[in-house]
Structures are given as C-alpha cells and as structure tokens.
Amino acid sequence: MADRSTAAVGVADEGGEAPPAAQQDDATPDGTTTDDQVSDTAGDGTPPKDMADSTQKIEDDPEKTAQDPVATAGPPPAKPRPKPRATAPDLHSGHRLARRYQLAECVTRVDGFSSWRAVDEKLRRAVGIHLLPADHPRARQVLAAARSAALLGDPRFVQVLDAVEEGDLVYVIHEWLPDAGSLADLLAAGPLEPHEAYQMASQVSQGMAAAHREGLAHLRLDPGAVLRTSSGQYRIRGLAVAAALRGLSSERPQRQDTEAIGALLYAALTQRWPYEEDAHGLAGLPKGVGLVAPDQLRAGIHRGMSDVAMRALVNEGATASREESPCTTPEELAKAIAGIPRIRPPEHPAPVYQPPAFQQPPQPPPGATRYAGAGPAAAPPVPPPALPGRTGSALKWAVSALLIVAIGLGSWQLADAMKSRENHSPRKPTTSPHANQNPAPPPATPLTIVSAKDFDPPPGNGSETSSQIDRLKDHDPNTYWETSWYTTADLGGLKDGVGVILDLGAEHRVSGVTVSLKGGETDLELWAAPSGTNAQPTRLDGFQKVTGGSGTQQVALKPGTRVTGRYLLVWLTKLPKDSDGTFRGRISEISVTG
C-alpha cells in the first residue's frame, strides 16, 4: 500500500485539543483488550504485594499445607516473567521509518501520539505521518480505521497511503497537500462568497455521504479538517483516523457529521461559530440570543444557503419561522444543497501570473540601463557602423544643412499664420473680473414626501413597526414612529441599522433633510438611491451614503455634494436607552428641502 501513486499534496492533521476522557475506548475494534490492562506482575517481574502476602498465608496454614502436595514440596514455582511493555523511541527530525520516510517537522504532539511532515525518499514527495507507540491503548483502533479509510479511494478525502505496525511503533502515512489551505485560514480573512460557500458545502456533504455509504464516519469535522486546494477543490482530512486517534465515538454518527457540516456552512457565511462558545479562531453567537439564521445575522447572505445551514443545525425538528424539515444525514444535506438555484461565481479579473523566484532572470546591477526585448535575455541594439572616409563626412554636412533650412522655413510659416489669426479674430467684450464668481445658491424649498415606509433589510425580517409609519408626516410633534426594542445600542449586534424610506414622487435636487427625534442621543445617516432609480430599493446596497449626524432632538443632514434622486433613506445606527433598560429609536417628524 505504501507504493500507491497519489497526488503528493496535504496538510498534517489535527489541532491540539485533548480528547474527552469519557469518549476514550479501552478495547480494540475486534473486542480484545488493549495492552493497557492491569498485569499480574509488577513492571520488574516480581509479584505484587497482595499476591506475595497470600502466598505467605498458604505456607503458614498447616491444614492447607497437608492437603496441597505442591505446598509440601516447597514454595510454588515462579511464574514466567511477562514481556516488558514497549516504549516508543525518541523520535526527532531526520529519523527514518522503514528506511524510506524521513521525519522533517513535528506538527502535533498530544495525548500520546504525534503528527509529522515527512519526506518519502523513494517517491520524492512530501507525506504526513501519525505516530504512536504500539502499546498505546488506541493503537489497534487507529490501524483499523486507517486501513478502512484507505479502501475508500474517494478524491474528496486526503488519502491514507499506508498503515503499519513495525516493532514498537504504529504509524499511518497520508497525503500532504502543500498547495492547500484550511478553511480556518480562509475564514480568518472573512466570510466566504456565496458561490465559494456553496462549493465547500456541496463537496464536503457529497464526500461525507459517500463515506457513510461505506460505513465510515469522521466525528471531528471542523474548519481545520477541510482543506481548499489552489484549483478550488475541497478535501477532507482525518476520515475515521482523527476520531480513532482521540478515542471518539458516537451513537448517531450520520447526524453528528451532518450537524458539523451545517456548522461549517454557518461559519463560512457569517464568520461566526454557531454556538455561544468561541472556537476555531471564530467568535461565537451573542449570549442568550440562541441560534440565529445566518441571513438575520449578516446582511447580504444568500437566503437559500442560510436555510440549508439551519436545516443541518436544527436537528430536533423544523424551524418555527420557516417550517422546513431538518437534514439528519449527509445524503439529505447534499440533496438540499443541490436543490438551491444556481449561484453564479463572482467575476474576478484574470490573475497575473508571477514566475517563481528561482525562475526570474537576475536583476541588473544598480545604475545599469534596462533594455526590453522579446527574448529572456534581450541585448541592447547595436548601432550601425559609421560611414568610412571623406564620403561619410560630406554626407553629414549635407544632412545638417538640409535640416537647418527646413527648420527655418517651418518657423517663418508658423509666425505668419499666427499673425494672420490675430488680425481676423473678433474682440471679446470686456467683463468685470468679479462677474460670475460665487453665484448665489438657489433658495431652499420644501419638498413633499409622497409616502414613507419602514426599512429593515436582511439580516432583519423586513418589517420595523410599519403600523406607525404614517406618524412621520402627520405634522403632530407629539406622535412618533419607533423601532423595535434591542438589548444594546448597536441593535443587539444583530444588524447594522434600521430606518425609513422616503418617496418624493419624482427626482428632485435634495439640499437637506431635518429629522426630529425623541428619547435621547441617536446616531443616524442619510442615504440616497442613485439618480434614475424608478423602483424603490429593497436592500441597503440599493442606496448610497450621503452624510451622517447625531443628536437628541433635531438633526440636520446636509449633503456635501449635489444629490438628485427620488428615494431617500434615513438610517438609524445607534439607538438611545429607554426607561425599561432596552434600546429603541423614535422619530416624530421628517422634512426635506430641495
């Protein structure tokens, strides 16, 4: 199995968490006990103290001595000394296994095993190796899991190349992917684009569905176990082996792996871990909020992908708000993802290829002139040889004389043309030096607000006390429209803001918007739909931010540049604290001038 030819690309497994003690098994998969059981003798071969005491009591009892012929003959024969437990050798970089694998770097060392990056000197490629002593309580489990995973042969998994017990060591050889990065590294830079999140969830769920059809589970799917290669393919590492190394087991492995894929998709969409605890370099959900759908947590998230993530995570039944059945197996999850309408990949500019450093031509010394050429080492052009003798000198003088005559004729013609143009051009009327400077701005006139509508885009639910919206233009300062209540001033950390859309009926030049507030210090912004927008936008990216401000009673929002449009958005981003300890914003009147 060690000579199997596969792509030599992979990342060494496994983070560094110690396994839960309750999930460690004390028996091998075939039911036999491990070498970690209690022995009849001490480590040096002498009987334990309790056994020695019982032997002494038998010798001192005359009745038992008379009945036992062996006892009368003398002391009982000594039991054979047990074979001492094997201990792993002191491994270090440069150590060779099977005269073939040279250890290069230790990646993980935890719970009695270690993971290494190594070199297969026979096939000249990088590999990963898990090492543990042969007397480790889970050595038999690891061997069985590795050999089962090696038989799968699915390209969506990091392949197990060999599983060997050699002397006092057990080791598992697997692919090493030098061109791949983990999902944890990708999420450190931000959430994935919808198309990329779709590809990740689709490939991982299909791969795990194929594994479960063969009776294999992962049980340790996290952002560190999913790798993305430079070609965009996602690979899963540690199938069966990661759980065996840590003694993990599950009564419902399909449901556990399905929920893990849902957590990966949730993290890919939101850059948040879908539980209250922080994990894998990601922040958890706010305390006490519960499991919030991704499209309610972050704006711009694909609704279909958000629904699928919730169906994988909510495994106790349908969600109350969307009434969709849960996905309890990777097979069901893969079908749900396949049913999402096609998500187009983003349009990126073509990548600029940069040759590796060792292929780049040497740089010229400082001060040297750089020449451009078609070849890799283009030489500077060679000047033609000078004409020999008197013929060359005569020709030089003739060319110089012709150039002098041509320059003189050209200068005379240019001067004559400019003089003629001055004589025939009409004289411009004399104007005052201060005319048309700093013209007076047109007077501001009030604009009619034809209609107003509450605005709560994703991750909101689309409605923000719409029954009170008419109070904004009833010209009664004692009535007001108010937002829903939130636990913090930043809207509980659930969304960026809420607001009100104003429809002016037609495009107008807007010089200012005045907002009358109630309740305390409120931060708000003025957004405008681009000129030419004929339909009221339904998402925040349909508007462009114009200006912002804050205040307690009245805030004047004046654009710094010319704004022309039909639809305006008053956007509240920070709410004042109410008397009951919650936070909500209140607007009594809005006026617009043009």
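- A side chain to side chain donor-acceptor pair (under 3.5 Å) with Glu331 holds for exactly one of His212, Gln206, Arg213; it is Arg213.
- Contact annotation: the side chain of Ser202 never approaches that of Tyr234 to less than 4.5 Å [non-hydrogen atoms, C-beta and beyond].
- A distance of 10.5 Å separates OG1 in Thr488 from NZ in Lys574, rounded to the nearest 0.5 Å.
- Using a 4.5 Å heavy-atom threshold, the side chains of Leu97 and Leu131 count as touching.
- When all heavy atoms are compared, the tightest approach of Pro133 to Gly112 is CD-O, 3.3 Å.
- A side-chain contact (heavy atoms from CB on, under 4.5 Å) with Tyr275 is found for one member of Leu285, Leu291, Leu313 and no other, namely Leu313.
- Counting all heavy atoms, side chain and backbone alike, Ala139 lies closest to Leu132 at CA-CD1, 3.9 Å.
- Looking only at side-chain heavy atoms (C-beta outward), Phe113 and Arg246 come within less than 4.5 Å of each other.
- A donor-acceptor distance shorter than 3.5 angstrom exists from the side chain of Gln159 to the backbone of Phe157, with no hydrogens or angles considered.
- Under the 3.5 Å distance criterion, the side-chain polar atoms of Asp257 are matched with a main-chain donor or acceptor of Leu219.
- When atom types are taken as modelled, the side chain of Arg138 and the backbone of Leu245 share a donor-acceptor pair closer than 3.5 angstrom.
- No donor-acceptor distance shorter than 3.5 angstrom exists from the side chain of Arg156 to the backbone of Val204, with no hydrogens or angles considered.
- The CG atom of Leu575 sits 7.5 Å away from the OH atom of Tyr486 when rounded to the nearest 0.5 Å.
- Put simply, the side chain of Arg272 gets close to the backbone of Gly284: a donor and an acceptor are under 3.5 Å apart.
- Looking only at atom types and distance, the side chain of Thr573 has no donor-acceptor partner in the side chain of Trp571 under 3.5 Å away.
- When atom types are taken as modelled, the side chain of Gln233 and the backbone of Thr229 share no donor-acceptor pair closer than 3.5 angstrom.
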Practice problem: Tell me, with the steps shown, if Met208 and Leu221 meet side-chain contact (heavy atoms from CB on, under 4.5 Å). | Solution: CA-CA 10 Å; Met208 288 310 305; Leu221 272 174; 3.9 Å; yes
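- A 4.5 Å side-chain heavy-atom check between Gln203 and Ile236 finds every atom pair outside the cut-off.
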Quiz prompt | Worked verdict on Leu227 versus Ser182 for side-chain contact (heavy atoms from CB on, under 4.5 Å) | solution = CA-CA 4 Å; Leu227 310 175; Ser182 69; 4.0 Å; yes
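- Within the 4.5 Å cutoff, the side chain of Glu193 has no heavy atoms near those of the Pro345 side chain.
- Side chain of Arg228 to main chain of Leu183: no donor-acceptor pair is present (N/O by atom type, distance under 3.5 Å, no hydrogens or angles).
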Exercise. Any chance you could lay out the side-chain contact (heavy atoms from CB on, under 4.5 Å) test for Arg125 and Leu161, step after step, and finish with the verdict?
Key: CA-CA 12 Å; Arg125 64 180 181 183; Leu161 306 178; 3.5 Å; yes
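- Although no hydrogens or angles enter the test, the distance criterion places a donor-acceptor pair under 3.5 Å between the side chain of Arg237 and the main chain of Gly224.
- A pairwise comparison of heavy atoms in Pro330 and Ala209 identifies CB-N, 3.7 Å as the closest pair.
- In this structure, Glu464 does not pair ionically with Arg584, as no charged nitrogen and carboxylate oxygen lie closer than 4.0 Å.
- Closest non-hydrogen pair, Ala242 versus Arg220, comes out as CB-CD, 3.9 Å.
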Self-check item: Test side-chain contact (heavy atoms from CB on, under 4.5 Å) applied to Lys495 and Asp456, step by step
Solution: CA-CA 9 Å; Lys495 41 189 160 182; Asp456 186 23; 3.0 Å; yes
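- Within the 3.5 Å criterion, the main-chain N or O of Gly304 finds a donor-acceptor partner in the side chain of His302.
- Annotation: Asp278, atom CG; neighbour count of heavy atoms from other residues, nucleotides and ligands within 6.0 Å is above 12.
- Using a 4.5 Å cut-off on side-chain heavy atoms (C-beta onward), Met305 and Ile340 make contact.
- In this structure, Leu187 CG and Trp273 CH2 are separated by 9.0 Å, a value rounded to the nearest 0.5 Å.
- Annotation: the span from Asp523 atom CG to Leu572 atom CG amounts to 9.0 Å, rounded to 0.5 Å.
- Checked for salt-bridge contact, Asp307 and Arg303 meet the test: a charged N lies under 4.0 Å from a carboxylate O.
- Interatomic distance, Glu214 CD to Leu152 CG, rounded to the nearest 0.5 Å: 6.0 Å.
- Considering all non-hydrogen atoms of both residues, Ala197 and Leu265 come closest at O-CD1, 4.0 Å.
- To the nearest 0.5 Å, the span separating CG on Leu269 from CD on Glu196 amounts to 12.0 Å.
- Defined by atom type and a distance below 3.5 Å, a donor-acceptor pair is present between the side-chain atoms of Tyr171 and Glu166.
- Using a distance-only test at 3.5 Å, with no hydrogens or angles considered, no donor-acceptor pair links the side chain of Glu165 to the main chain of Val170.
- Residues Cys327 and Glu332 come closest through the heavy atom pair CA-OE1, 3.6 Å.
- Considering only heavy atoms from C-beta on, His92 stays 4.5 Å or farther from Leu103 through its side chain.
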